[in-house]
Amino acid sequence: MTRHHSASALTLADFEALDRDDPLRTLRDAFMLPDGVVYLDGNSLGALPRETPTRLHEVTARQWGEDLIRSWTAHDWIGAPQRVGDKIARLIGAGQGQVVVADSTSVNLFKLLAAACRLQPDRSVILSEPGNFPNDLYVAQGLQSLSDGRIELRLASADQIEAAIDERVAVVLLTHVHYKTAAVHDMARITARAHAQGALTLWDLSHSAGAVPVDLNAAQADFAVGCGYKYLNGGPGAPAYLFVAQRHQATAVSPITGWLGHARPFDFIDDYAPAPGVGRYLAGSHPILGITALEVGVDLMLQTDAQCRVDKSRALSELFVALVESRCAGQGLELASPREAQARGSHVAFRHAQAYAVMQGLIARGVIGDFRAPDLMRFGFAPLYNRHADIWHAVETLRDVLQTAAWDRPEFKQRHTVT
Ligand SMILES: Cc1ncc(COP(=O)(O)O)c(C=O)c1O
């Protein structure tokens, strides 16, 4: 089915038929999703794999409980960041030894931005785009203020970014899939342009890994970071990951020179010496329970074919857009994402003057997406567990919430801290 079909003629049976033909259909059972919930927020917090509580129980009760500190060696807790990093590498076109699991995305971003800037002592600019995930700009601003004027954050809009890469730019910092609109940057082209100007690139893959094609090494990317709790299904606050291209591994250094990034942490010597490879970006002790949960999510993703994931993600989002535009026509919704599925990631945003209240109305009926200020509703499509029939139910609910103004209640306008 293409997006040119007449969406208004589709019935629930058509969506159910698509589910029967879905090569990923059996993966749904690998997740614990409550009955009656249509979960379209896997781009923010991925669903819980069934295996995760069992694994966590094993690691807490048996490994921690019985083997205690011996587990660092006996169960290779010490090697977990590299082991899971190598698995994530397979999802993002990185090689073995180029990815490590550590800290949060924000902290990893700080480490790699600082490392990239130190590789470029004659250049002062971190180039990003206005409206990038604010966190990434905040982290760059923090580094700028620490640098006593040596480093400056400069912003250029997405269509001007390539032209803005000049001889002062040390590193181009971009989120591959935009957190609001889902617009995708051309990683290979921007990286080539950056390299031609002597600049480096740092990609935030938080909304990409597991959902859209990413090939860091083919694109010659220099550095990357990403979240563990979105499409990778690592759980709330899951540890993040970082990538360093082979050619920078010996020269780039982390600004957080913690003991687990030391070449020989258990020599307990006074002077810091960085570990070889990506291990130097570890700082303090890593969260074993968090990495355990993340590994379950990553292992599940690795059971699936990348092309199948991308095809399904695009099919779901195309159907969603087509159905919303036909069944909710005249209800004040406007597509805020690129229209072509290839030009966007695995979520879609619609603008609406009452976006917050409408989303609360949807959530009250079991259709879970999220709101991004000032006026966007975001709907994420996780190819491992979302079904085509979910799209039907979500759009039918949206249509009803809008047509009956069910969103127009004081409790749905009450802003929560987390939106
Ligand atoms: C693009 C992007 N980068 C970074 C983050 C923050 O990651 P963390 O909470 O791991 O620091 C998010 C969280 O939503 C994000 O969407």
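Just so you know, ligand 1 is whichever comes first in the structure, and atom 1 is the first atom listed for that ligand. Quick note: residue numbers are just sequence positions, from 1.
- Using a 4.0 Å cut-off between charged nitrogen and carboxylate oxygen, Arg344 and Glu318 do not count as a salt-bridge pair.
- For ligand 1, the atoms closer than 4.0 angstrom to any heavy atom of Ser104 are 10 (O), 11 (O).
- Salt bridge Asp19/Arg28: absent, no basic N to carboxylate O contact under 4.0 Å.
- For ligand 1 and Asp136, the ligand atoms under 4.0 Å from any heavy atom of the residue are 3 (N), 4 (C).
- Using a 4.0 Å cut-off to heavy atoms of Tyr229, the atoms of ligand 1 that qualify are 6 (C), 7 (O), 8 (P), 9 (O), 10 (O), 13 (C), 14 (O).
- Distances below 4.0 Å separate heavy atoms of Thr175 from the following atoms of ligand 1: 1 (C).
- Considering backbone and side-chain N/O atoms, His207 comes within less than 3.5 Å of an N/O atom of ligand 1.
- Taking the six-membered ring where the residue is Trp, Phe350 and Phe379 present perpendicular rings, their angle passing 60° and hence far from 30°.
- The backbone and the side chain of Thr105 each have at least one atom closer than 4.0 Å to an atom of ligand 1 (non-hydrogen atoms only).
- Between Arg123 and Glu167 there is no salt bridge, since none of the side-chain N atoms of the basic residue sits less than 4.0 Å from a carboxylate O of the acidic one.
- The closest protein non-hydrogen atom to atom 14 (O) of ligand 1 is Lys230 NZ, 2.7 Å.
- Near Ser106, meaning under 4.0 Å from one of its heavy atoms, ligand 1 places the atoms 8 (P), 11 (O).
- Salt bridge annotation for Asp299-Arg55: absent, with no cationic side-chain nitrogen under 4.0 angstrom from a carboxylate oxygen.
- A cation-pi arrangement is not found for Arg50 relative to Phe31, the charged atom failing to lie both closer than 6.0 Å to the ring centre and inside a 45° cone about the ring normal.
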